[in-house]
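See below for the structure under consideration.
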Amino acid sequence: MTPCGPPKLPHYGHRIAYPHRARYPQAGHPFLRITPLLKSGAAFRHVTDLMYEAALPWQPTVVATVDARGFLFAAPLAQRLGVGLVPVRKPGKLPYKTISASYDLEYGSATLNMHTDALTPRDRALIVDDVLATGGTAAATMSLVRRLGASVAGCAVLLELDAMGGRKALEGVPFFTVLHV
C-alpha cells in the first residue's frame, strides 16, 4: 500500500480496497478487502465500465474468470459484452470432466480446473480476476484456455500489485488494470 492509504477511484473518491492483515489467505500476507467498492453501486459500475471499455476492442467471445472474487467482476462484464462466462475453479468444484493447471502463489501453490467442453478453437477468452500479484493465477488460466485450443483475447483486473511483478507472466497479452497498488 502507498503511504497515503488505500487507492481511491478517481471520480467517486470511494476507497476501493482496505488492507486487511488477518489470517487470510495466510498469516503474514496482506489481503485487500474490496467490499467497500462492492457496496457502492456507482463505484462498482464505474469499475466494470472501465473494464468493458478496455476489453471491447479485444473482441472476446467469452469471459474466463477465476474462483471466487473474479466472478464478481466477470459476470457483469460478460453480460455487458454479450458473451458467455467460463468459471475457472478450485479442484472438486466443477461437476463435469475437467483439465487442470497448477501454479505457485506467494505463499504456496494451487491448482485450477476448467471444464473440458468450456471453450472451442474459435473462442477468444478475456481473463478477468480481482488482483494480479505474481501472475501465477493468470498464467494458469491462460494455459487452460490454450490447452482447449482457444486464444487469449486479453486480461483485465481490478488491482495490480506492481511490486509482485505479475505482468511478466502476461507478456504479449493485452492487459488492463483499474488501479495499481
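Values below: every heavy atom of this structure, side chains too, minus hydrogens, waters and symmetry copies.
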Any donor-acceptor pair under 3.5 Å linking the side chain of [X] with the backbone of [Y]?
| X | Y | result |
| --- | --- | --- |
| Ser40 | Pro36 | no |
| Arg147 | Ser100 | yes |
| Ser143 | Ala139 | no |

Mind checking whether [X] and [Y] sit in one hydrophobic cluster, side chains of I, L, V, M, F, W, Y counted as touching below 4.5 Å?
| X | Y | result |
| --- | --- | --- |
| Leu94 | Leu119 | no |
| Tyr103 | Val88 | yes |
| Phe175 | Met142 | yes |
| Phe176 | Phe71 | no |

First locate atom [atom1] of [X], then atom [atom2] of [Y], and finally report the distance between them rounded to the nearest 0.5 Å.
| X | Y | atom1 | atom2 | result |
| --- | --- | --- | --- | --- |
| Arg69 | Leu158 | CZ | CG | 8.0 Å |
| Leu161 | Leu179 | CG | CG | 11.0 Å |
| Thr48 | Phe73 | OG1 | CZ | 8.5 Å |
| Arg80 | Leu56 | CZ | CG | 8.5 Å |
| Leu105 | Thr134 | CG | OG1 | 6.5 Å |
| Leu170 | Glu160 | CG | CD | 8.0 Å |

Where [X] and [Y] come nearest, the two heavy atoms and their spacing:
| X | Y | answer |
| --- | --- | --- |
| Ala55 | Leu81 | CB-CD1, 4.4 Å |
| Gly84 | Val62 | O-CG2, 3.4 Å |
| Pro60 | Val83 | O-CG1, 3.4 Å |
| Val145 | Ala64 | CG2-CB, 4.4 Å |
| Ala74 | Leu85 | CB-CD1, 3.6 Å |
| Ser109 | Asp104 | CB-OD1, 3.8 Å |

Given side chains that start at C-beta, do those of [X] and [Y] come closer than 4.5 Å, heavy atoms only?
| X | Y | value |
| --- | --- | --- |
| Asp130 | Leu72 | no |
| Leu148 | Ile99 | yes |
| His115 | Val86 | no |
| Arg89 | Asn113 | no |
| Val157 | Val131 | no |
| Leu126 | Met51 | no |

Worksheet item: Tell me the side-chain hydrogen bond (donor to acceptor under 3.5 Å, both in side chains) pairs involving residues 50-66, sequence neighbours left out?
Response: Thr61-Asp123
Practice prompt. Evaluate side-chain contact (heavy atoms from CB on, under 4.5 Å) for Leu132 paired with Thr177, printing each intermediate quantity in order.
Written response: CA-CA 9 Å; Leu132 178 70; Thr177 185; over 6 Å; no
Fill in: salt bridge (Lys or Arg N to Asp or Glu O under 4.0 Å) partners for Arg45, two or more places apart
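Arg45 satisfies salt bridge (Lys or Arg N to Asp or Glu O under 4.0 Å) with Asp49 once adjacent residues are dropped.
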